[in-house]
Each structure stands twice: as structure tokens, then as C-alpha cells.
Amino acid sequence: MTMQLDAGARSAGRVPPEVARSWLLIAASRLDAVAVAGSQADAVVIDLEDAIDASRKEVERERVARFLETGGEAWVRVNDRTSAFWAGDVDRLRGLPGLLGVVLAKTEEAAHVTETAERLGGATPVVALIESALGVENAALIARAPGVFRLAFGSGDYRRDTGVANKEVALAYPRSRLVVASRVGGLPGPIDGPSVLDGAPIVTEQSQSAAALGLTGRLCLRETQVGIVNEVMAPSAEDVSWAGGFLDEFEANGRVVRDGSDLPRLGRAERILELDRAFRAS
């Protein structure tokens, strides 16, 4: 499947959210308009969920709403559908001019996404953040839910729920489930959980591992992680060179299919160059 990137987002110089690589989480209590506007992240997500104490939820929700009403633009992570704060979050955010979309925490059922999308008015993108064994088990159903935009992996809460270690082998299964579910649902590739430990080597290694499994974005906890994620999850110079060479050769041969590998390679080459153009235009 070849995804058509949003022309409006491309022309505005913003990476289309369908292919956004870095999703920077900023706690609502630390919201800074300059930091949001100046971030190099493909998407900035203001967090109203785990980063905010229950006693401060309503105050911080109002701070975010004012930001989005007065020229700010961002995604917002809202509290999960089963929480006491979900309805207030969704109702206050609905229709705000700067709301780019929401990330729905702790999604475990398709209905969680659909009810959120409908309550937002039906036109706001909803990223389903899957953070538990039940969510992973229901991933294919969630990926086909009306209103879902992309899947994301809440690796920290998943580890807490299941008891697995923060090791590549332990997290390969849920990551792969989200990749397969996204394909089944006709969605873009899923967004990986963040690197909890900082430092370029560990962020690079974990981003490479996620990309190898088919994830196409990552949550980021700090701005210092953004550049690494953007680089690792973009086509490499070698990939771009190969894709350009293959397409030149294919065109020179009159676009005639020579063997069974040509069409898969054609699709891959076109996708690489499409992504390269989208990222370079941002």
C-alpha cells in the first residue's frame, strides 16, 4: 500500500502526522510556548495523563486549552476512557483551533477510540496508545476502529502490567503485534515507546531496533532524543541512493517488469523517495 502524504501538511513545512517520526511528550505543567514552537520534533504532545497529579488535572487541562485557543498548536495526550478525567479532557479540547489531534492513553478496546473520536466531533485524529496485555491482545480490533489514526506503544506501562524486562527480546512481541495490527487496519506504521535511559548510544540502538521491527515513529521524553529518532527513522543516504538508481533503471527499461522481485522493489523505492521528500521539506 502506498500512502499519499497530506499535501497541506507538506506545503506548510510540517511533517505529515501519518509519517511523523518523533513525538515529543511535554508535561502540561511544564508547558512552554517557545519550547513547543521551537521543537525539532515532528509532533509535540502535551501530556495531561501520567505526568500530571490527579489534584492538578483540571488546572492543567485549562492551561492547555488556553494555549490552544491563543495560537498554540499541539497534540494532547488525554486520560484514558475509563478514568474520571476523560470526559472533561475531551469536552474541553473539542473544537479548539490549535488541537492537532489526541493521544488516547491506555487504550484497551476499539470502543475507547471510537467514543473518543465521536465526542471530539469526528474529525480529530486519535492515536491509540496501547499500554497493557489486553490492549496488545485487542490491537487488530483497535486498529480497525472507526476514528483511529495510528497506534502507539506505551512500553513503560506495558512492562508494569506484564512484568517483562526492558529488553529488546521481551518487547519484540508487543511491538510486532502493533506493526501487524496497523497493517491489518490499513494504518501507518506504529509509534514506539520512549527510551527511558538517555544518551545517544542507547537512544540510537533502541530506535534502530524499533525501525527494524517495522515501527515508524517513537515517543520522546526529551528534546535531546528528537534528532536521533528523526535520523534513525528516516531513509538513509544509502537507501535513497538505491531507490533513485532503481527507479532510473526501471524507467529506462520502459517500466517493464522483468521478474517477481521488480514490483516489491518498485514499491519500496517509491516509498523511500516519498518519505525522503516529506522529511526534507520540513
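The model shown is predicted, which means the values in this text are computed figures rather than measured ones.
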Say whether [X] and [Y] are linked into one hydrophobic cluster, either directly or through other cluster members, by side-chain heavy-atom distances under 4.5 angstrom.
| X | Y | result |
| --- | --- | --- |
| Leu104 | Val44 | yes |
| Leu219 | Leu31 | no |
| Ile191 | Ile142 | no |
| Val78 | Phe153 | yes |
| Leu48 | Val36 | yes |

Restricting to non-hydrogen atoms, name the atom on [X] and the atom on [Y] that form the minimum distance, rounded to 0.1 Å.
| X | Y | answer |
| --- | --- | --- |
| Val203 | Ser195 | CA-OG, 3.8 Å |
| Arg119 | Ala87 | NH2-CB, 3.7 Å |
| Gly101 | Thr124 | CA-CG2, 3.7 Å |
| Val15 | Ala278 | CG2-O, 4.3 Å |
| Leu151 | Ala143 | CD1-CB, 4.0 Å |
| Ile46 | Val64 | CG2-CG2, 3.6 Å |

With a 4.5 Å limit on heavy-atom distance, are the side chains of [X] and [Y] in contact?
| X | Y | result |
| --- | --- | --- |
| Glu118 | Thr114 | yes |
| Leu68 | Val76 | yes |
| Ser176 | Tyr173 | no |
| Leu99 | Trp75 | no |
| Arg177 | Glu137 | yes |
| Phe149 | Pro17 | yes |
| Leu247 | Leu266 | yes |
| Arg21 | Phe279 | yes |

Short N-O contact, [X] and [Y], less than 4.0 angstrom:
| X | Y | value |
| --- | --- | --- |
| Arg255 | Glu251 | yes |
| Glu274 | Arg271 | yes |
| Lys57 | Glu62 | no |
| Asp42 | Arg14 | no |
| Arg94 | Asp91 | no |
| Asp89 | Arg81 | no |

For the pair [X] (side chain) and [Y] (backbone), establish whether a donor and an acceptor sit closer than 3.5 Å, ignoring hydrogens and angles.
| X | Y | result |
| --- | --- | --- |
| Asp161 | Ala133 | yes |
| Arg160 | Gly156 | no |
| Thr216 | Gly189 | yes |
| Glu131 | Gly154 | no |
| Asn253 | Val256 | no |
| Asn230 | Gln40 | yes |
| Asn138 | Leu141 | no |

Original post:
Is there a side chain to side chain contact (heavy atoms under 4.5 Å, CB included) between Ile26 and Asp47 once you walk through the steps?
Top reply: CA-CA 6 Å; Ile26 296 179; Asp47 190 5; over 6 Å; no
**OP:** Decide side chain to side chain contact (heavy atoms under 4.5 Å, CB included) for Leu178 and Leu215; before the verdict, give the C-alpha distance in whole Å, the side-chain angles of both, and the deciding distance to 0.1 Å.
**Re:** CA-CA 8 Å; Leu178 265 60; Leu215 293 97; 5.6 Å; no
**OP:** Start with the C-alpha gap between Val164 and Leu171, add the side-chain angles, then the distance that decides, and say whether side chain to side chain contact (heavy atoms under 4.5 Å, CB included) holds.
**Re:** CA-CA 8 Å; Val164 304; Leu171 297 177; 4.1 Å; yes
Original post:
Looking at Trp23, is Arg77 sitting on its ring face, NZ or CZ under 6.0 Å from the six-membered ring centre and within 45 degrees of the normal?
Top reply: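 No, cation not above the ring by the 6.0 Å, 45° rule.
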Distance check, rounded to the nearest 0.5 Å: [X] atom [atom1] versus [Y] atom [atom2]?
| X | Y | atom1 | atom2 | result |
| --- | --- | --- | --- | --- |
| Glu168 | Glu205 | CD | CD | 7.0 Å |
| Arg92 | Arg66 | CZ | CZ | 8.5 Å |
| Ile228 | Gln206 | CD1 | CD | 10.5 Å |
| Trp86 | Thr116 | CH2 | OG1 | 5.0 Å |
| Arg61 | Ile52 | CZ | CD1 | 11.5 Å |
| Leu24 | Arg222 | CG | CZ | 10.0 Å |

Subject >> By side chain to side chain donor-acceptor pair (under 3.5 Å) - contacts of Asp192 (at least two apart) >> reply: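 Applying side chain to side chain donor-acceptor pair (under 3.5 Å) to Asp192 gives Arg175, Arg218.
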**OP:** Could you go through the side chain to side chain contact (heavy atoms under 4.5 Å, CB included) check for His112 and Thr82 one step at a time?
**Re:** CA-CA 8 Å; His112 293 173; Thr82 64; 4.1 Å; yes
**OP:** Would you tell me whether Ser39 and Glu223 have side-chain atoms, one donor and one acceptor, within less than 3.5 Å of each other?
**Re:** yes
Original post:
For Glu69, does the CD atom sit with more than 12 other heavy atoms under 6.0 Å from it, leaving out its own atoms?
Top reply: yes
**OP:** Count the heavy atoms of every other residue, nucleotide or ligand shown that sit under 6.0 Å from CZ of Arg280, and state whether that count exceeds 12.
**Re:** no
Original post:
Does the pair Glu108 and Ser132 meet the rule for a side-chain hydrogen bond (donor to acceptor under 3.5 Å, both in side chains), with working shown?
Top reply: CA-CA 7 Å; Glu108 293 188 325; Ser132 66; 2.6 Å; yes
**OP:** Please list, chain by chain and in numerical order, all residues satisfying side chain to side chain contact (heavy atoms under 4.5 Å, CB included) with Ser261, sequence neighbours excluded.
**Re:** Asp259, Arg265
